[in-house]
There are 2 protein chains.
Amino acid sequence: MKISSRFTIGVHILSLLSIEKDSHCTSEWIAGSVNINPVTIRRVLGQLKRAGLVKVRSGTGGAYLLKEPADINLLDIYRAVEVVEEGQLFHFHEEPNPECPVGANIQIVLQLILSRAQDAMEQILKNITLKDLVTELNQQINVRAN
Amino acid sequence: MKISSRFTIGVHILSLLSIEKDSHCTSEWIAGSVNINPVTIRRVLGQLKRAGLVKVRSGTGGAYLLKEPADINLLDIYRAVEVVEEGQLFHFHEEPNPECPVGANIQIVLQLILSRAQDAMEQILKNITLKDLVTELNQQINVRAN
DNA sequence: TCTGTTGTAACTATAATGTTTACAACGAGG
DNA sequence: CCTCGTTGTAAACATTATAGTTACAACAGA
């Protein structure tokens with residue numbers, strides 16, 4: 001099972017807000033770039049808002065970043081959209097048989113090991129800021145423009 | 001979305017086969033330890049078989065390892081049960097708007113970055129063998145037995 | 001007040017997962 | 001050679017997460 005596209009959608013939204021910071025970024029407008037429906041955008045935007053990453057103007061509409069791109073990393077976004085509960089990337093089968101030595105102990109041992117794997121991934125996300133991403137994105141945009 | 005419990009089930013099964021190598025390990029018996037129904041066990045066992053990790057006796061029943069525990073790592077199991085297609089841990093929203101500079105380029109840039117995150121996780125899995133796991137498991141079993 | 005936008009709810013469709021029941025095929029042992 | 005337990009697989013079902021669609025009250029600026 002993949003990690004929900006809410007994460008990449010969230011990253012897309014924030015990249016847009018960073019690059020198009022002078023535009024009037026309504027959910028409808030963002031939906032046009034992401035190419036999904038505006039309600040999903042609003043849902044994700046709501047999560048980004050609750051995480052303190054963006055501000056959404058009610059009434060007049062439009063969203064903008066509350067932090068510098070250099071101060072937002074991909075793990076912040078990952079957490080914000082709650083695609084995976086903290087420490088729960090791997091789904092464990094519930095209640096292995098406590099009568100069986102393996103069943104009784106495998107969860108503890110495996111949880112420890114898999115946490116390390118998960119942490120390794122999250123550290124990579126943590127080390128990449130929105131600014132890094134936007135810089136690479138702008139380079140790519142220029143490459144393709146020429 | 002979490003990574004399917006097929007993975008932890010697969011690990012559980014192989015740990016059992018490794019520790020209880022002299023038992024007659026039928027799907028029914030394994031199901032008792034994992035505490036899920038035997039059909040799911042057989043499905044996972046089938047995937048492990050296709051990956052060349054185990055052999056299942058038909059007719060008389062019972063499964064056993066085809067490799068030494070030291071020669072099976074967690075990434076092998078992860079791949080075997082196909083919880084995640086290779087390189088596809090993160091779900092991308094399909095077809096962002098190619099008219100938009102961000103939409104047209106974000107996939108390429110983000111794919112590169114997220115591959116690194118995914119690789120980091122998989123490297124951890126790759127570096128842990130079934131033997132390592134079973135060793136830790138046996139220690140844990142002894143700790144709890146005393 | 002009018003207008004465009006947000007936030008949210010309800011309903012729907014789709015997909016993946018896992019359970020249960022069922023049964024043909026298989027192979028060992030009597 | 002026949003019975004018995006087991007495997008492999010299919011079908012039907014329940015559950016859950018995701019995402020699209022429609023709808024509408026609340027909001028704020030012109």
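Values below: every heavy atom of this structure, side chains too, minus hydrogens, waters and symmetry copies. All figures in this text were calculated on a predicted structure; none of them were measured in a lab. Within every chain, numbering begins at 1; the chains are lettered A, B, ... in the order of the sequence lines, protein sequences first and strands thereafter.
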Heavy atoms under 4.0 Å, any strand shown: does B:Leu45 hit a base, just sugar-phosphate, or nothing? nothing
Gap between atoms NE2 and P, on A:His91 and C:dG18 respectively (whole Å): 7 Å
Euclidean distance, atom CD1 of residue B:Ile9 to atom C1' of C:dT19 [Å, nearest integer]: 12 Å
Do the side chains of B:Lys49 and B:Lys55 get nearer than 4.5 Å, heavy atoms only? no
Nearest whole angstrom, please: distance from the C1' of D:dT7 to the CZ of B:Arg50. 13 Å
Taking the nucleotide of DNA chain D with the closest heavy atom to each, which residue, A:Asn37 or B:His24, is nearer the 5' end? B:His24
So A:Gly59, base contact, sugar-phosphate only, or nothing? Heavy-atom distance under 4.0 Å. base
Output the rounded distance in Å from CD (B:Gln88) to P (C:dA16). 13 Å
From the candidates D:dA19, C:dT19, C:dT6, the one with an atom nearest any side-chain atom of A:Arg42 is C:dT6
Rounded to whole angstroms, how far apart are CD on B:Gln47 and C1' on D:dT9? 13 Å
So, do A:Leu133 and A:Val11 sit near enough that their side-chain heavy atoms are less than 4.5 Å apart? yes
With a 4.0 Å limit, can you tell me whether A:Thr40 has a side-chain N or O closer than that to the phosphate oxygens OP1/OP2 of D:dG20? yes
Rounding to a whole Å, what distance do you find between B:Arg57:CZ and C:dG29:C1'? 15 Å
Nearest to side-chain heavy atoms of B:Thr26, which nucleotide of C:dT8, C:dT21, D:dT7: D:dT7
If we only count heavy atoms from C-beta on, is the A:Leu45 to A:Leu48 side-chain gap below 4.5 Å? yes
Does B:Arg6 put a side-chain nitrogen or oxygen below 4.0 Å from OP1 or OP2 of C:dT17? yes
Side chains of B:Thr8 and A:His91: does their closest heavy-atom pair fall under 4.5 Å? no
Interatomic distance, A:Glu94 CD vs D:dT15 P [rounded to whole Å]: 16 Å
Roughly how many Å is it from CD1 in A:Ile36 to C1' in D:dT21, rounded to a whole number? 13 Å
Which residue lies toward the 5' end of DNA chain C, A:Ser58 or A:Arg43, if each is placed at its nearest nucleotide? A:Ser58
Nearest of D:dA19, C:dA22, C:dA9 to any side-chain atom of A:Ser4? D:dA19
Taking side chain as C-beta onward, heavy atoms only, is A:Arg116 less than 4.5 Å from B:Ile128? yes
Using a heavy-atom cut-off of 4.0 Å across all strands, would you classify B:Lys49 as base, sugar-phosphate, or nothing? sugar-phosphate
